[in-house]
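Structure, as structure tokens:
All heavy atoms count here, side chains included; hydrogens, waters and symmetry mates do not. All ligand and atom numbering here is 1-based and tracks the order in the structure.
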Amino acid sequence: MPRNASYSGSFDEMPLSVQRAASVPRDWYDQALCRNDNGFVKWAWIAEEKITYKLGTQRIKGHVLHDLALTVCAICPVQWECALGAIQADERAGVWGERVDRLKFIANSPAQAAEARAMGFTVQEAVQRIATGIS
Ligand code: SF4
């Protein structure tokens, strides 16, 4: 997701959320589909669900933008690295392969998630399988 914020101050002075994010390896980020010019609205991944955004002459809800982001995430080659990094960084908002609130299913069931990953499931499929008790 386009979260390429820069910060020139000292690490200790960073907001805690930025410190958490900065502490997670992001060597996969060059492959992130949301980083490239994929024609999508860049901030679809960080939209606020309940806010209505203006796109040209159209108005679109944040949760609809998240749906659009999720279609890209589903084919992203680094979606597992992204989702696990978001869990590690304790991200609180946005889309990281899946809506952040749904990543709890992966965080709470790491063995099942690892198995789903090894079987080739997407992050969103793995979340769905864990949430519905499919093994
Ligand atoms: S899974 Fe989605 S949010 Fe994560 S890097 Fe890929 S496109 Fe971006």
Report task. Indicate if the distance from atom 8 (Fe) of ligand 1 to the nearest N, O or S atom of Cys34 falls below 2.8 Å. Result -> yes

**Report entry** Selection from Glu81, Glu98, Gln79, Gln124 by shortest heavy-atom distance to atom 1 (S) of ligand 1
**Finding:** Gln79

Query raised in the report: What part of Trp45, side chain from CB on, backbone N/CA/C/O, both or neither, has a heavy atom under 4.0 Å from ligand 1?
Result: side chain

Query raised in the report: Are a donor atom and an acceptor atom from the side chains of Gln128 and Arg102 found within less than 3.5 Å of each other?
Result: yes

**Report entry** Proximal ligand 1 atoms for Ala32, defined as those under 4.0 Å from one of its heavy atoms
**Finding:** 5 (S)

Report task. Could you tell me whether Val95 approaches ligand 1 through its side chain, its backbone, both or neither, with non-hydrogen atoms closer than 4.0 Å? Result -> backbone

Query - Partner set under salt bridge (Lys or Arg N to Asp or Glu O under 4.0 Å) for Arg59, not counting sequence neighbours - result: none

**Report entry** Which of the ligand 1 atoms, numbered from 1, are nearer than 4.0 Å to a heavy atom of Gly97
**Finding:** 1 (S), 2 (Fe), 3 (S), 4 (Fe)

Report task. Take atom CD of Gln124 as the centre, draw a 6.0 Å sphere, and report whether it contains more than 12 heavy atoms from other residues, nucleotides or ligands. Result -> yes

Query - Shared hydrophobic cluster for Ile60 and Ile51 (ILVMFWY, side-chain gaps under 4.5 Å) - result: yes

**Report entry** Cys82 backbone or side-chain N/O/S under 2.8 Å from atom 6 (Fe) of ligand 1
**Finding:** no

**Report entry** Those atoms of ligand 1 less than 4.0 Å from some heavy atom in Cys76
**Finding:** 1 (S), 5 (S), 6 (Fe), 7 (S)

**Report entry** Set of residues satisfying ring pair (Phe, Tyr, Trp, His ring centres under 6.0 Å) with respect to Phe121, sequence neighbours excluded
**Finding:** none

Query raised in the report: Given Lys104 and Glu98, is the salt bridge (Lys or Arg N to Asp or Glu O under 4.0 Å) satisfied, shown in steps?
Result: CA-CA 10 Å; Lys104 67 178 183 270; Glu98 173 62 284; over 6 Å; no

